[in-house]
Structure formats: structure tokens, C-alpha cells
Amino acid sequence: MANELKYGDAVSLENGYSNWAGGFLDVTATAQPEAVYAVQTASTAKREGLSGTWKIASASGKANGTTVVSGDLVYLVNQYGSTSYLDVNGVPGAASTGEKYGVHTSATPNRTGTSGEWFLFAETSSPQDGAIRTGDVVHILSNYNKAGGGWLDISGAGAPGGAGLHTAFASHYSNRASGSGAWRFAQA
């Protein structure tokens, strides 16, 4: 099928908060030790060049061009400036909202342990053959600490110093608030 996600694809990720008004996963300046960029959402997938463009890479050795399947373990590689990997890093901004870890990017696939590995879980797809397609609703779970790193989520304002909508973090919950833990891929 033409809309199946493949390893090596350049994609954007749209957040489902408040009926898909959560913005697009994006990077901006950071002050976090060991991080390349802070991660936030922005109102457009192309806020600043490739800041909202990510490549899907297999964390289990699947070749580029292979179909991404629900349950696969991946790296999400941002294409802005020095390419960097989506990573759980540091303490959350507000634990009272279900935040577990901060989310930044790292220069290496796994800054510590499995901090840069993420499971992709689609709610469903058509046809129901396991493949993830553009537009499918997906929940993204960090594999840090044996899949204990939390679900990719957003909350509050954009990252400090960035022109974003919300800050990304890892949550205890797969869908903490009004779709905040739901994502859908589009080809970049």
C-alpha cells in the first residue's frame, strides 16, 4: 500500500490534543545537559526548515524500505541541523500533570541504556494487517528502563526559548488529556 510507513521515511508527527490542535513534534534550543535540542510542538511541521522532520529508523535491525508494524521498536531521528535522536532525558516540568521524564534529542541513538528507543502502537489501521499508515492514530512508548520510560505526550507552553505550542515529555499515561498522547504520521 502506498501510505504504509517504511523505515527511512521522512515524516512529521501531529499531536491529537484537543481534536488534533496539539501541533507538530518539533525541536528548538536547549539547556538540558547531554541534549542537542529541546522537544516541543509547533503550529506547522516546518516551523524552521527541518525542525519538524523526523526519519524512522529501526532499533531492531530492520532494513530501510521495510514496512513499520504496530509494536515495532524505532528511533525517531530529527533532521534539523545536526541530526539527533528523540530521547527521554531529565526530570519532568510538572509531575502533578502525569509527567514522568523530560524529552529532548540526543546526539547518539541511546544516550543512556535504551533512552532513545520508542515502541509505536497503532490503535487500528485499514486493512488490519499490522502495518502503520499515514493518518493512523499511534501511541509512542519509551523503551527506557524496560519500556518504563513513559508515553510521548505534550503539556503547557512550548519549550523555553522556542516558538512552540506545547512542551513534549514522557507521561505515565498513554492518553493523559484529550488526545495529548495520540500522534499521527504524515510524509514530510
Side-chain angles (χ1 to χ4, degrees), residues 5 7 11 13-17 22 24-41 54-62 66 68-80 82-123 130 132 136-156 158-160 162 164 166-185:
L5 293 180
Y7 285 104
V11 297
L13 288 92
E14 184 179 18
N15 184 269
Y17 179 68
F24 295 86
L25 197 64
D26 182 72
V27 297
T28 191
T30 188
Q32 179 70 31
E34 299 184 61
V36 177
Y37 299 112
V39 180
Q40 62 181 7
T41 60
W54 303 80
K55 280 198 177 176
I56 305 170
S58 175
S60 60
K62 293 185 178 182
T66 304
V68 178
V69 176
S70 185
D72 275 2
L73 188 60
V74 304
Y75 299 114
L76 294 172
V77 188
N78 187 267
Q79 300 302 296
Y80 180 76
S82 300
T83 58
S84 56
Y85 297 80
L86 190 68
D87 184 75
V88 292
N89 182 344
V91 296
S96 63
T97 60
E99 297 181 26
K100 190 168 187 174
Y101 293 106
V103 172
H104 295 80
T105 65
S106 171
T108 59
N110 284 309
R111 178 186 50 78
T112 183
T114 54
S115 63
E117 298 176 4
W118 300 84
F119 287 103
L120 302 179
F121 294 106
E123 288 185 1
I132 297 177
D136 288 351
V137 177
V138 176
H139 299 276
I140 303 173
L141 176 65
S142 170
N143 192 36
Y144 181 63
N145 199 20
K146 298 180 182 175
W151 300 89
L152 186 61
D153 200 338
I154 61 167
S155 182
H166 305 284
T167 299
F169 68 95
S171 173
H172 290 280
Y173 308 102
S174 65
N175 194 17
R176 182 188 54 79
S178 303
S180 64
W183 300 87
R184 61 185 177 195
F185 288 89

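- Looking at residues two or more places apart in sequence or on another chain, you find no ring pair (Phe, Tyr, Trp, His ring centres under 6.0 Å) involving His139.
- One N or O on the side chain of Trp118 and one on the backbone of Leu86 form a donor-acceptor pair closer than 3.5 Å.
- Residues forming a side-chain hydrogen bond (donor to acceptor under 3.5 Å, both in side chains) with Glu34 (at least two apart in sequence, or on another chain): none.
- At distances below 3.5 Å, at least one donor-acceptor pair connects side-chain atoms of Trp54 with backbone N or O atoms of Leu25.
- Applying the side chain to side chain contact (heavy atoms under 4.5 Å, CB included) rule to Arg176 yields the partners Thr97, Asp153, Ser155, Phe169, Ser171, Tyr173, Ser180; only residues at least two apart in sequence or on another chain are considered.
- In this structure, Asn78 has no side-chain hydrogen bond (donor to acceptor under 3.5 Å, both in side chains) partners at least two apart in sequence or on a different chain.
- Remark: Ser60 engages Ser58 in a side-chain hydrogen bond (donor to acceptor under 3.5 Å, both in side chains) (not counting sequence neighbours).
- For the side-chain hydrogen bond (donor to acceptor under 3.5 Å, both in side chains) test, residues two or more places apart in sequence or in another chain that qualify with Ser84 are Thr105.
- The side chain to side chain contact (heavy atoms under 4.5 Å, CB included) test applied to Gln79 returns Leu50, Thr53, Lys55, Val77, Thr83, not counting sequence neighbours.
- Phe185 meets the ring pair (Phe, Tyr, Trp, His ring centres under 6.0 Å) test with no other residue; sequence neighbours excluded.
- Within the structure, no pair that satisfies the salt bridge (charged side-chain N to carboxylate O under 4.0 Å, His left out) test touches residues 166-175, not counting sequence neighbours.
- Scanning for salt bridge (charged side-chain N to carboxylate O under 4.0 Å, His left out) contacts around Asp72 gives Lys62, with sequence neighbours left out.
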For residues 109-116, run the donor-acceptor check on the side chains, cut-off 3.5 Å, and write out each pair with its distance to 0.1 Å, sequence neighbours left out.
{"from": "Asn110", "atom 1": "OD1", "to": "Ser115", "atom 2": "N", "distance (Å)": "3.4"}
{"from": "Asn110", "atom 1": "OD1", "to": "Gly116", "atom 2": "N", "distance (Å)": "2.9"}
{"from": "Asn110", "atom 1": "ND2", "to": "Tyr75", "atom 2": "OH", "distance (Å)": "3.1"}
{"from": "Asn110", "atom 1": "ND2", "to": "Glu117", "atom 2": "OE2", "distance (Å)": "3.1"}
{"from": "Arg111", "atom 1": "NE", "to": "Asp87", "atom 2": "OD2", "distance (Å)": "2.7"}
{"from": "Arg111", "atom 1": "NH2", "to": "Asp87", "atom 2": "OD2", "distance (Å)": "3.2"}
{"from": "Arg111", "atom 1": "NH2", "to": "Val88", "atom 2": "O", "distance (Å)": "2.6"}
{"from": "Thr114", "atom 1": "OG1", "to": "Asn143", "atom 2": "O", "distance (Å)": "2.8"}
{"from": "Ser115", "atom 1": "OG", "to": "Asp87", "atom 2": "OD1", "distance (Å)": "2.5"}
{"from": "Ser115", "atom 1": "OG", "to": "Arg111", "atom 2": "N", "distance (Å)": "3.3"}
{"from": "Ser115", "atom 1": "OG", "to": "Thr112", "atom 2": "N", "distance (Å)": "3.2"}
{"from": "Ser115", "atom 1": "OG", "to": "Thr112", "atom 2": "O", "distance (Å)": "3.2"}

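- To the nearest 0.5 Å, the span separating CD1 on Ile154 from OG1 on Thr41 amounts to 4.5 Å.
- Across all their heavy atoms, Asn175 and Ala182 have their closest contact at OD1-N, 4.4 Å.
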